[in-house]
K.L.:
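My structure is below; once you've seen it, I'll send some questions.
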Amino acid sequence: MELGRLEYLQALVTEFQATESAGTAAAAAPQPRAELLRAHRLFSVAEAKEQVLANLANFAYDPRNYEHLRQLQVLDLFLDMLSERSDTLVEFAIGGLCNLCLDKTNKDYILEANGVEPIINCLSSANEETVMSAVTTLMYLTTPQSRQQTTALPVVECMLRFSLSASRRLSNLATVFLEDYCTPLQVEEARSLSKHTALGIPLPRD
């Protein structure tokens, strides 16, 4: 049973790597004669990547898969995808990390891989699901050692603005972050600074 689970996850990772290679080949297709075919291939490859990454993110829900996903370096894959231009790929990647970092071993790996910074960058996404997952992931990654980074001043100031969001889900989550993960001094400092300057994390678009 467990061997079958690992083999299936390995097949997903291999499929994702194959779509990456196919995308590179399609992007290099000669022009202009192959332009239409090139565009079709790129669209198909993008869809395939999204589907495979969504499947991997779904498997990250199950703690029984954690060891296999680490073995297959899926945490690194998710972290790499946070810098993709595709909003959908970023959404699935941060969703997968959000699921995985409930586990202490995974949490430690993400922190040691300098994963906090790209996760913070997701706070400026126009995709609310991505932002929600990023906020939740920062909560899970907060430890006495990482708190200085996960609750840095720009993050706290961003949460203050999120707490005023028209989205009830985002507003409530940001309020929990401010109340449970930040000190009153941090909140006051961010509130004071936000009156005089705009920090580096813009609000997501509605």
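A quick note: this is a predicted structure, and the numbers were derived from the prediction, not measured. In this chain, residues are counted from 1 in sequence order.
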K.L.:
Quick one: are Leu123 and Leu138 in side-chain contact, heavy atoms under 4.5 Å?
P.N.:
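In short, these two side chains touch, coming nearer than 4.5 Å.
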
K.L.:
Is there side-chain contact between Ile119 and Ile110, with at least one heavy-atom pair below 4.5 Å?
P.N.:
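Yes. Closest side-chain heavy atoms under 4.5 Å.
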
K.L.:
Are Leu173 and Met139 side-chain neighbours, meaning at least one heavy-atom pair lies under 4.5 Å?
P.N.:
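Yes, close enough: below the 4.5 Å cut-off.
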
K.L.:
Sequence neighbours left out, what passes ring-ring contact (aromatic ring centres under 6.0 Å, His included) with Phe92? Give chain and number order.
P.N.:
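Per chain and number, Phe92 pairs via ring-ring contact (aromatic ring centres under 6.0 Å, His included) with no residue.
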
K.L.:
Are Leu193 and Leu153 close enough that some pair of their side-chain heavy atoms sits under 4.5 Å apart?
P.N.:
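Heavy-atom side-chain distance check passes, below 4.5 Å.
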
K.L.:
Checking Gln10 now: which residues fulfil side-chain hydrogen bond (donor to acceptor under 3.5 Å, both in side chains) with it, not counting sequence neighbours?
P.N.:
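Checked Gln10 against side-chain hydrogen bond (donor to acceptor under 3.5 Å, both in side chains); matches are Thr14.
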
K.L.:
Side-chain contact test, heavy atoms from C-beta onward, threshold under 4.5 Å: evaluate it for Arg161 versus Leu164 and give yes or no.
P.N.:
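With C-beta onward as the side chain, the pair stays apart.
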
K.L.:
Would you mind reporting whether Lys107 and Thr143 have side-chain heavy atoms less than 4.5 Å apart?
P.N.:
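A side-chain contact exists here, since the closest heavy-atom pair is under 4.5 Å.
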
K.L.:
Any ion pair linking Arg70 and Glu67 (charged N to carboxylate O, less than 4.0 Å)?
P.N.:
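Salt bridge flag = no for Arg70 with Glu67.
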
K.L.:
How would you list, by chain and number, every residue that makes a side-chain hydrogen bond (donor to acceptor under 3.5 Å, both in side chains) with Asn172, sequence neighbours excluded?
P.N.:
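Scan of Asn172 (side-chain hydrogen bond (donor to acceptor under 3.5 Å, both in side chains), adjacent residues dropped) gives none.
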
K.L.:
Return the minimal non-hydrogen interatomic distance between Val90 and Glu84, and the atom names on each side.
P.N.:
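Taking every non-hydrogen atom into account, CG2-O, 3.4 Å.
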
K.L.:
List in chain and number order the residues that pass side chain to side chain contact (heavy atoms under 4.5 Å, CB included) with Asp76, two or more places apart in sequence or in another chain; answer none if no residue qualifies.
P.N.:
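Asp76 satisfies side chain to side chain contact (heavy atoms under 4.5 Å, CB included) with Gln73, Tyr109 once adjacent residues are dropped.
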
K.L.:
Taking only residues at least two apart or on different chains, which pairs with a member in residues 46-65 satisfy ring-ring contact (aromatic ring centres under 6.0 Å, His included)?
P.N.:
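Qualifying pairs, neighbours excluded: Tyr8-Phe59.
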
K.L.:
What is the distance from atom CG of Leu97 to atom OG of Ser133, rounded to the nearest 0.5 Å?
P.N.:
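Going from CG on Leu97 over to OG on Ser133, the span is 9.5 Å.
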
K.L.:
How long is the gap from CG on Leu9 to CD on Gln71, to the nearest 0.5 Å?
P.N.:
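So the CG of Leu9 and the CD of Gln71 are separated by 10.0 Å.
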
K.L.:
Which atoms form the tightest heavy-atom contact between Thr175 and Ser171, and what is the distance?
P.N.:
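Here Thr175 and Ser171 meet closest at OG1-O, 2.9 Å.
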
K.L.:
By side-chain hydrogen bond (donor to acceptor under 3.5 Å, both in side chains), which residues pair with Thr88, not counting sequence neighbours?
P.N.:
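With sequence neighbours excluded, Thr88 shows a side-chain hydrogen bond (donor to acceptor under 3.5 Å, both in side chains) to no residue whatsoever.
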
K.L.:
Measure the CZ-CG distance between Arg5 and Asn65 for me, rounded to the nearest 0.5 Å.
P.N.:
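One finds 4.5 Å between CZ of Arg5 and CG of Asn65.
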
K.L.:
Supply the atom-to-atom distance Leu12 CG to Leu72 CG, rounded to the nearest 0.5 angstrom.
P.N.:
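Those atoms lie 9.5 Å apart.
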
K.L.:
Filter on ring-ring contact (aromatic ring centres under 6.0 Å, His included), then keep only pairs touching residues 129-151, sequence neighbours left out; what's left?
P.N.:
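For residues 129-151, and leaving out neighbouring residues, there are no ring-ring contact (aromatic ring centres under 6.0 Å, His included) pairs at all.
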
K.L.:
Would you name the heavy atoms of Asp103 and Asn106 that are closest together and state the gap between them?
P.N.:
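Residues Asp103 and Asn106, closest heavy atoms: OD2-N, 3.0 Å.
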
K.L.:
Could you pull out the closest heavy-atom pair between Ser146 and Leu111, with the gap in Å?
P.N.:
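For Ser146 and Leu111, the tightest heavy-atom pair comes out as CB-CD2, 3.8 Å.
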
K.L.:
Which pair of heavy atoms, one from Thr183 and one from Gln186, lies closest together, and at what distance?
P.N.:
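Residues Thr183 and Gln186, closest heavy atoms: N-OE1, 2.9 Å.
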
K.L.:
Mind checking what makes side chain to side chain contact (heavy atoms under 4.5 Å, CB included) contact with Ala93, not counting sequence neighbours?
P.N.:
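With neighbours one apart ignored, the set is Leu53, Phe78, Met81, Leu82.
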
K.L.:
For the backbone of Asp80 and the side chain of Ser83, can you confirm whether one donor and one acceptor N or O come within less than 3.5 Å of each other?
P.N.:
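Yes, the answer is positive, given that a donor and an acceptor are paired below the 3.5 Å cut-off.
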
K.L.:
How close do Ala60 and Leu69 get, heavy atom to heavy atom, and via which atoms?
P.N.:
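Taking every non-hydrogen atom into account, CA-CD1, 3.8 Å.
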
K.L.:
Scan residues 168-178 for pairs that pass salt bridge (charged side-chain N to carboxylate O under 4.0 Å, His left out), counting only residues two or more places apart or in two chains.
P.N.:
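Counting only pairs at least two positions apart or across chains, the salt bridge (charged side-chain N to carboxylate O under 4.0 Å, His left out) contacts touching residues 168-178 are Glu128-Arg169, Glu129-Arg169.
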
K.L.:
Any side-chain to backbone donor/acceptor pair from Asn99 onto Asn58? Under 3.5 Å, distance only.
P.N.:
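Pair absent, no side-chain N/O of Asn99 close to backbone of Asn58.
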
K.L.:
Would you mind listing every salt bridge (charged side-chain N to carboxylate O under 4.0 Å, His left out) that reaches into residues 131-143, with sequence neighbours excluded?
P.N.:
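Every candidate salt bridge (charged side-chain N to carboxylate O under 4.0 Å, His left out) pair involving residues 131-143 fails, so no pair, neighbours aside, qualifies.
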
K.L.:
Return the SG to CZ distance between Cys182 and Arg147, rounded to the nearest 0.5 Å.
P.N.:
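Between Cys182 SG and Arg147 CZ, I get 8.0 Å after rounding to 0.5 Å.
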
K.L.:
Any salt bridge (charged side-chain N to carboxylate O under 4.0 Å, His left out) pairs touching residues 108-119, not counting sequence neighbours?
P.N.:
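Matches after skipping sequence neighbours: Lys104-Asp108.
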
K.L.:
Is any side-chain heavy atom of Ser163 closer than 4.5 Å to a side-chain heavy atom of Leu178?
P.N.:
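They are in contact (side-chain heavy atoms under 4.5 Å apart), so the answer is yes.
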
K.L.:
In terms of heavy-atom contacts, does CD of Glu50 have more than 12 from other residues, nucleotides or ligands at under 6.0 Å?
P.N.:
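Check passes, neighbour count above 12.
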
K.L.:
Could you tell me the separation between the CG atom of Leu100 and the OG1 atom of Thr105, rounded to the nearest 0.5 Å?
P.N.:
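Leu100 CG to Thr105 OG1: 11.5 Å, rounded to 0.5 Å.
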
K.L.:
Just jot down the side-chain hydrogen bond (donor to acceptor under 3.5 Å, both in side chains) partners of Thr142, sequence neighbours excluded, or say none.
P.N.:
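Expected list: Thr150.
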
